[in-house]
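Numbered from 1 within each chain, the chains take letters A, B, ... in sequence-line order.
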Number of protein chains: 2
Amino acid sequence: MPFPLLSMVLTAACVAAEPAPRTTPVLRHIVLYKFKDTTTPAQIDEVSAAFKALPGKIPGIVGFEAGTNVSPEGKSEGFTHAFVVSFATEKDRDAYIVHPAHQDFVKVVKDRCEKVIVVDFWVK
Amino acid sequence: MPFPLLSMVLTAACVAAEPAPRTTPVLRHIVLYKFKDTTTPAQIDEVSAAFKALPGKIPGIVGFEAGTNVSPEGKSEGFTHAFVVSFATEKDRDAYIVHPAHQDFVKVVKDRCEKVIVVDFWVK
């Protein structure tokens, strides 16, 4: 096979293998926590670690991100910790909510946070 | 070139072209809105459209997602609209905040929302 032709074959094959723009919708589940003044840094770390362990315990989680607020805008309303859990379907999200591992996690965080906000939205 | 060899070359070339796991950190900028009771659906749509136009006007935005709350948990605290803008650096996020197009957008949303929450966090 002459090299120009090989080159064309390689190019065509690899274009097909390149990451295509995401065509399947994803359900983002945003969770923000404002902790009580009485909650210690160690207890907050424990909550973060317990949340981060959930993807290893619950099926159907297709993405997981977590971090602490670094916004300079002063509009966080005391919410310091953000978690974004992603699902392919609402059924997976619903199964996550009632999963025993999630319920155990809720028991850990429940009395330590002053406020929680949960907002889910579809990215299509 | 015999076909088995061509196949090996194609395979090797295409494996290299597959998307690698993200190794560079990304800064997520979460914005949640709770609109005033007096804000009309048309005015809310206008806010969403204006926000969604920002990636076309402001450089340094490497990701943009937006949607309306579909959580069944009842913990959204009245926040109905979520936006997640992503940046590669804090410098890009800072430039976005002070960009005239963003400032113009803030003027549109300012009197229409009752509450806004902004939380930024690094995904590393």
| Applying the 4.5 Å side-chain criterion to the ILVMFWY set and letting contacts propagate, would A/V108 and A/Y96 be lumped into a single cluster? | yes

| query | Rounded to the nearest 0.5 Å, how far does CD1 of A/I30 lie from CZ of B/R28? | reply | 10.5 Å

| task | Measure distances from B/L32 to the heavy atoms of chain A and classify the residue's part below 4.5 Å as side chain, backbone, both or neither. | result | side chain

| query | Just how far is it from atom OG of B/S71 to atom CG of A/L27, taken to the nearest 0.5 Å? | reply | 9.0 Å

| message | Report which part of A/I117 has an atom under 4.5 Å of a heavy atom belonging to chain B: side chain, backbone, both, or neither. | response | both

| note | Taken to the nearest 0.5 Å, the spacing of A/D94 CG from B/E73 CD works out to 9.0 Å

| request: Could you check B/V84, B/T80, B/N69, B/V70 and say which one makes a side chain to side chain contact (heavy atoms under 4.5 Å, CB included) with A/F121? | output: B/V84

| A/V26 with B/V62, same ILVMFWY side-chain cluster at under 4.5 Å | yes

| message | Are B/V116 and A/Y33 connected into the same hydrophobic cluster when the rule is that any two of I, L, V, M, F, W, Y join if their side-chain heavy atoms are below 4.5 Å apart? | response | no

| Any side-chain heavy-atom pair from B/P72 and A/R93 closer than 4.5 angstrom? | yes

| Pick from B/A82, B/G67, B/G74: which one has the most heavy-atom pairs with chain A under 4.5 Å? | B/G67

| said: Is it the case that over 12 heavy atoms from other parts of the model lie below 6.0 angstrom from the NZ atom of B/K36? | reply: yes

| note | Turns out that what part of B/T68 lies under 4.5 Å from chain A's heavy atoms comes down to backbone

| field | Contact class of B/H81 relative to chain A, heavy atoms under 4.5 angstrom | value | neither

| message | According to salt bridge (charged side-chain N to carboxylate O under 4.0 Å, His left out), who are the partners of A/D104, at least two apart in sequence or on a separate chain? | response | A/K107

| request: Examine A/F64 and B/W122 and state if one hydrophobic cluster contains both, with Ile, Leu, Val, Met, Phe, Trp and Tyr joined whenever side-chain heavy atoms are less than 4.5 Å apart. | output: no

| query | For the hydrophobic clusters of this structure (ILVMFWY residues joined by side-chain heavy atoms under 4.5 Å, transitively), does one cluster hold both B/I58 and B/V109? | reply | yes

| task | Would you mind checking which part of B/V31 comes under 4.5 Å of any heavy atom in chain A, side chain (CB onward), backbone (N, CA, C, O), both or neither? | result | neither

